[in-house]
Number of protein chains: 2
Amino acid sequence: MPKPRVPDANSGLSDQAVSRAARVSRVSRADKPVRPDKRAAILDAALGLFSRFGLHGTSIDQVATRAEVTKGNLLYYFANKEELYVSVLRDLLDVWLAPLREFSVDQAPEQAIGDYIRRKLAMSRDRPDASRLFCLEMIQGAPLLGTILDGELRTLVEQKSDVIRAWVADGKLAPVDPHHLIFALWGTTQHYADFAVQVSALTGKTLKDVAFFAQTVENVQRIVLQGVAVR
Amino acid sequence: MPKPRVPDANSGLSDQAVSRAARVSRVSRADKPVRPDKRAAILDAALGLFSRFGLHGTSIDQVATRAEVTKGNLLYYFANKEELYVSVLRDLLDVWLAPLREFSVDQAPEQAIGDYIRRKLAMSRDRPDASRLFCLEMIQGAPLLGTILDGELRTLVEQKSDVIRAWVADGKLAPVDPHHLIFALWGTTQHYADFAVQVSALTGKTLKDVAFFAQTVENVQRIVLQGVAVR
DNA sequence: GTCTATAACGAGATAGAC
DNA sequence: GTCTATCTCGTTATAGAC
């Protein structure tokens, strides 16, 4: 039996690489949801589940159900479960690395670092699933991301580290090790995505809350910026 | 065949919740490793696997093999997989909360925060498995830890938050929101455990490396302490 | 308490009709 | 391209001998 689905309007979430326009299903005529391409719907459903329950905690059937396709159909698009998982990961890599790529050399250090914090926190707010998925990968030793990420990320990090080193040399920044500064930036910002449950349990708030988001940006910026400022 | 188990004195596991004397297997006569109690061996093996691959990524058989018991025997000690998992979690809770418990009211803020950073980083070094396991739990929405942790942790955090608030009120600390400061402390320190693969991929070092550990403590302390110092 | 054997089930993947 | 049916295997959990 065919199942009628509730249309569900697309409340435009627009701008930024951070957004996820392709995710939302649109309505064609009356009741039948139309997905531009089913592949994207599957990837999207998979992301949502993998990022919470991991590869083994998620069944193909669950993904299929969520994507509103059958298991058989899913396996027409993706040869097997692992291929699906890796596809999700690879598709997400650019989004994931975007904030660091934008880490600007041309700005003053406080500006560059402050902006980076804001972007990363926006990522934690808009794409917590991405954050969680990469976190899960890391915890397991990045078996499937290993090589892909290692080379690309390493290069990127070394680039940005050079910038930071230059700032320190120019006396524009307190003498911090670039790697540790970057880890601190990652740690403080990703925490709000990966430990969102804990954050909301303790504060009663979510980054979706506009005021709380602003307050978070402000606090993280204050701590880190003052932490690396020249006295 | 019944196997003779050496009673084996409990060589006091002494200092710090952070150490893990019970893990190491010892040799009795010639070649046979003797475990004080099998239950502990199972819990230990389970922790190692669960903290990497999660509940669903780990099979009972793998745990049994690692603990050097049979699957059947394991299920004599723990009724089912989930009970084993929860036992691991519960046994670890005190260890996990220890650093925050020691967060001292009697010290000066810089001292208290600096010490806390050191203790948390020592935890990331000595018990990365604990850190990873709780991280996995959080990512999944803490389904099994939820109530246990929520109440206890919440109380503890509120206590410490009051201390921080008092410091701020007394002008001993820059005006930071206690919650965000605590999140920053957690994020920066736990990152070295949960993302250890990434850290070692980018720096070539581990917290086990004495010099790197010292350097890490120093950098994190510098950033955070200067970040919350009164100007 | 500890073992082996096996029942019972879930999930990944394939086959083949439409 | 999409579906249903089915094969197959790994895993959980139980039964029962020792």
Side-chain angles (χ1 to χ4, degrees), chain A residues 1-5 25 28 31-89 136 140 143-144, chain B residues 1-8 25 28 32-50 52-89 140 143-144:
Chain A
M1 260 142 257
K3 348 120 201 214
R5 299 259 165 243
S25 57
S28 66
D31 58 339
K32 213 172 181 185
V34 173
R35 302 268 191 174
D37 63 299
K38 212 165 264 194
R39 201 187 141 86
I42 294 169
L43 283 169
D44 183 51
L47 172 58
L49 291 164
F50 285 151
S51 71
R52 276 226 171 280
F53 313 110
L55 176 62
H56 300 291
T58 305
S59 74
I60 287 183
D61 219 11
Q62 289 174 303
V63 176
T65 303
R66 192 190 248 230
E68 299 179 53
V69 296
T70 59
K71 190 163 60 158
N73 198 8
L74 188 155
L75 288 162
Y76 167 78
Y77 286 95
F78 300 92
N80 53 52
K81 197 183 180 183
E82 189 170 299
E83 185 185 306
L84 171 60
Y85 183 78
V86 174
S87 296
V88 171
L89 227 39
L136 284 175
Q140 292 177 36
L144 296 169
Chain B
M1 262 143 262
K3 11 210 123 130
R5 298 251 169 250
V6 179
D8 164 64
S25 57
S28 67
K32 214 166 179 193
V34 174
R35 303 267 191 173
D37 67 296
K38 213 165 265 194
R39 201 187 141 87
I42 294 169
L43 283 169
D44 183 51
L47 170 58
L49 291 164
F50 286 151
R52 277 227 171 278
F53 312 110
L55 176 63
H56 300 291
T58 305
S59 73
I60 288 184
D61 217 12
Q62 289 174 304
V63 177
T65 303
R66 193 192 248 231
E68 300 180 56
V69 296
T70 60
K71 192 164 55 161
N73 197 9
L74 188 154
L75 287 163
Y76 167 77
Y77 285 94
F78 299 92
N80 54 51
K81 198 183 179 181
E82 189 170 298
E83 184 183 307
L84 171 59
Y85 184 78
V86 174
S87 297
V88 171
L89 227 39
Q140 292 176 34
L144 296 169

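Being a predicted model, the structure only gives us computed values, none of them experimental.
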Evaluation steps, side-chain contact (heavy atoms from CB on, under 4.5 Å), between A:K38 and A:Y77: CA-CA 9 Å; A:K38 212 165 264 194; A:Y77 286 95; 3.7 Å; yes
Nucleotide D:dC3, atom C1' - distance to CD of A:E68 in whole Å: 16 Å
Whole-Å gap separating P (C:dG12) and OH (A:Y77): 20 Å
Out of C:dT2, C:dA11, C:dA13, whichever nucleotide has its closest atom nearest the side chain of A:K71: C:dA13
Spacing between B:L74 atom CG and D:dT11 atom C1', to the nearest angstrom: 13 Å
Closest to the B:I60 side chain, choosing from D:dT2, D:dA13, C:dA13: D:dA13
Residue A:T70, side-chain atoms from C-beta onward, closest of C:dT2, D:dC3, C:dA13: D:dC3
Interatomic distance where NZ belongs to A:K38 and C1' belongs to D:dG1 [whole Å]: 8 Å
A:L75 side chain, from C-beta outward: closest of D:dA13, C:dA13, C:dG1: C:dA13
A:K81 NZ to C:dA13 P, straight-line distance once rounded to whole Å: 8 Å
Minimum-distance nucleotide (side-chain atoms of B:Y76 versus C:dA13, D:dT12, C:dT2): C:dT2
Backbone of A:L55 reached by a side-chain donor or acceptor of A:T58 within 3.5 Å: no
Enclosure of A:E82 CD (heavy-atom neighbours >12, cutoff 6.0 Å): no
Rounded distance in Å - CG (B:N80) to C1' (C:dA8): 16 Å
Heavy-atom check, side chain of B:L84 versus side chain of B:F50, under 4.5 Å: yes
Whole angstrom value for the distance that separates C1' of C:dA15 from CG of A:N73: 15 Å
Touch class at under 4.0 angstrom, heavy-atom based, for A:F78 against every strand present: nothing
Atom pair CG/OG1 of B:L75 and B:T70 - distance to nearest 0.5 Å: 9.0 Å
Nucleotide C:dA11, atom P - distance to CG of A:L55 in whole Å: 13 Å
